[in-house]
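Structure first, then comments.
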Amino acid sequence: MNSYKVIIHQCRKRERRAQLEFYMMFYKSVYNSCFRILGNQQEAEEIMQESFLKVLDKTELLQEDAGSMEKMLKRIAINSSIDCYRKRKIRFVELEDKFTFTPDTDTEDTLQNEIRLEAIEHTMQLLPEGYRIILSLHLIEGLEYAEIAEQLNLSASTVRSQFTRARQKLIHLIKEHYSHENILG
């Protein structure tokens, strides 16, 4: 039995040391998923903690495969983050951008391939919340448009158009904020 399976077995017995090891295995990716949606450190930490408590309280949720367990934890955290976001009563509305940006395909490809992840993550925080959430859910968390639409009570076409606009806005902001720095490699 590998160490992960031993930890799961001990977690089912509610052994605190094993629960801490379980937490240490997944907390960063779960926190990052929450933070990308909520954009607030305190709320992200709270949702992350609640997600772990849900799983550790219901030991039948513990998965024997580490990859499956991480996906389940992140799904619980994402759903809870979206619920938290809804409670803020933020509405997703179509935003009309004042800029027109039609990237050259060579420039766009170069930009996508060479910009450092840190610059993208930082710039994503500058986007309107609706854009940031849809980008995070689709690009980073891998949810399909239909799943995002269902989670956010939007139509799939609204999610697609919001995603397209969010992506264009992100590229525009990256060019605007980082053109003077050496982030293009």
Side-chain angles (χ1 to χ4, degrees), residues 1-90 92 112-113 115-125 127 129-156 159-160 162-163 166-167 170:
M1 210 181 324
N2 69 28
S3 63
Y4 173 75
K5 288 186 179 181
V6 170
I7 291 169
I8 292 302
H9 179 72
Q10 292 170 341
C11 283
R12 287 188 175 124
K13 293 181 178 181
R14 302 195 186 278
E15 293 181 18
R16 296 284 184 213
R17 182 195 54 75
Q19 290 175 333
L20 179 60
E21 287 182 49
F22 176 79
Y23 174 83
M24 297 303 290
M25 292 175 86
F26 301 113
Y27 82 94
K28 286 181 184 176
S29 66
V30 174
Y31 170 81
N32 287 336
S33 294
C34 295
F35 185 77
R36 282 188 288 268
I37 293 168
L38 297 168
N40 178 292
Q41 181 181 355
Q42 188 174 5
E43 285 179 328
E45 288 174 358
E46 187 176 317
I47 297 297
M48 175 194 65
Q49 296 293 339
E50 289 173 6
S51 300
F52 276 97
L53 288 174
K54 284 178 186 177
V55 170
L56 291 171
D57 282 346
K58 295 182 181 180
T59 57
E60 67 274 8
L61 294 176
L62 295 170
Q63 303 285 313
E64 294 290 326
D65 174 65
S68 297
M69 187 72 252
E70 183 175 24
K71 285 179 185 175
M72 177 188 286
L73 269 168
K74 288 175 76 172
R75 177 58 64 150
I76 290 168
I78 289 168
N79 290 341
S80 296
S81 295
I82 291 170
D83 289 343
C84 178
Y85 191 76
R86 280 187 192 135
K87 288 177 186 173
R88 290 187 204 163
K89 297 188 181 198
I90 306 258
F92 288 83
Q112 288 176 348
N113 291 329
I115 291 180
R116 284 185 254 144
L117 182 60
E118 301 85 41
I120 294 171
E121 289 176 348
H122 171 75
T123 306
M124 281 181 70
Q125 295 305 313
L127 292 171
E129 288 184 328
Y131 281 3
R132 187 185 73 242
I133 289 172
I134 289 173
L135 267 179
S136 294
L137 291 174
H138 184 67
L139 289 179
I140 299 170
E141 302 302 335
L143 272 65
E144 297 296 326
Y145 295 130
E147 292 176 282
I148 296 168
E150 184 178 323
Q151 288 288 331
L152 300 177
N153 295 324
L154 299 170
S155 70
V159 170
R160 273 190 297 279
Q162 289 279 326
F163 173 78
R167 190 176 68 106
L170 179 63

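We're numbering straight along the sequence, starting at 1. On a predicted model such as this, the values are computed, not experimentally measured, just so you know.
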Got [X] and [Y] here, is their nearest side-chain heavy-atom distance under 4.5 Å?
{"X": "M69", "Y": "M72", "result": "yes"}
{"X": "M25", "Y": "I7", "result": "yes"}
{"X": "L143", "Y": "H138", "result": "no"}
{"X": "T59", "Y": "C11", "result": "no"}
{"X": "R14", "Y": "Q19", "result": "yes"}
{"X": "L137", "Y": "I82", "result": "yes"}
{"X": "Q125", "Y": "F35", "result": "yes"}

Quick one: [atom1] on [X] to [atom2] on [Y], what's the gap to the nearest 0.5 Å?
{"X": "S29", "Y": "E141", "atom1": "OG", "atom2": "CD", "answer": "8.5 Å"}
{"X": "L135", "Y": "R167", "atom1": "CG", "atom2": "CZ", "answer": "9.0 Å"}
{"X": "R75", "Y": "K71", "atom1": "CZ", "atom2": "NZ", "answer": "10.5 Å"}
{"X": "I47", "Y": "I78", "atom1": "CD1", "atom2": "CD1", "answer": "12.0 Å"}
{"X": "S33", "Y": "I76", "atom1": "OG", "atom2": "CD1", "answer": "12.0 Å"}
{"X": "L61", "Y": "L56", "atom1": "CG", "atom2": "CG", "answer": "9.5 Å"}

* Side chain of R132, backbone of I37: donor and acceptor closer than 3.5 Å? ->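 Yes, R132 side chain to I37 backbone: donor-acceptor pair under 3.5 Å.
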* Where at least one partner belongs to residues 19-32, residue pairs that pass salt bridge (charged side-chain N to carboxylate O under 4.0 Å, His left out), sequence neighbours excluded ->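 As it turns out, the salt bridge (charged side-chain N to carboxylate O under 4.0 Å, His left out) pairs with a partner in residues 19-32, which skip direct neighbours, are R17-E21.
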* side chain to side chain contact (heavy atoms under 4.5 Å, CB included) between K54 and S80, worked out -> CA-CA 11 Å; K54 284 178 186 177; S80 296; 3.1 Å; yes
* Residue list, ring pair (Phe, Tyr, Trp, His ring centres under 6.0 Å) with Y4, at least two apart or on another chain ->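 Expected list: none.
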* To do: Check step by step if side-chain hydrogen bond (donor to acceptor under 3.5 Å, both in side chains) holds for E45 and Q41.
  => CA-CA 6 Å; E45 288 174 358; Q41 181 181 355; 3.2 Å; yes
* Asked: Under the side chain to side chain contact (heavy atoms under 4.5 Å, CB included) criterion, do N32 and I140 qualify, and how do the steps go?
  -> CA-CA 10 Å; N32 287 336; I140 299 170; over 6 Å; no
* **Heavy-atom pair of closest approach, residues V30 and A77** =>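 Taking every non-hydrogen atom into account, CG1-CB, 3.6 Å.
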* Asked: Closest heavy-atom contact between I8 and E64?
  ->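 The pair with the smallest heavy-atom distance is CG2-OE2, 4.1 Å.
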* Asked: What class does the angle between the rings of F52 and F22 fall in, given that below 30° is parallel, 30 to 60° is tilted and above 60° is perpendicular?
  ->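 Rings of F52 and F22: perpendicular, over 60°.
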* Hey, do the aromatic rings of Y23 and Y27 have their centres closer than 6.0 Å? ->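 Close enough - the centres of the two rings lie under 6.0 Å apart.
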* salt bridge (Lys or Arg N to Asp or Glu O under 4.0 Å) partners of E43, counting only residues at least two apart ->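 With sequence neighbours excluded, E43 shows a salt bridge (Lys or Arg N to Asp or Glu O under 4.0 Å) to R88, given in chain and number order.
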* Asked: Around E15, counting heavy atoms of other residues, nucleotides and ligands shown, do more than 12 lie under 6.0 Å from its CD?
  ->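 Yes, because the 6.0 Å sphere around CD of E15 holds more than 12 heavy atoms from other groups.
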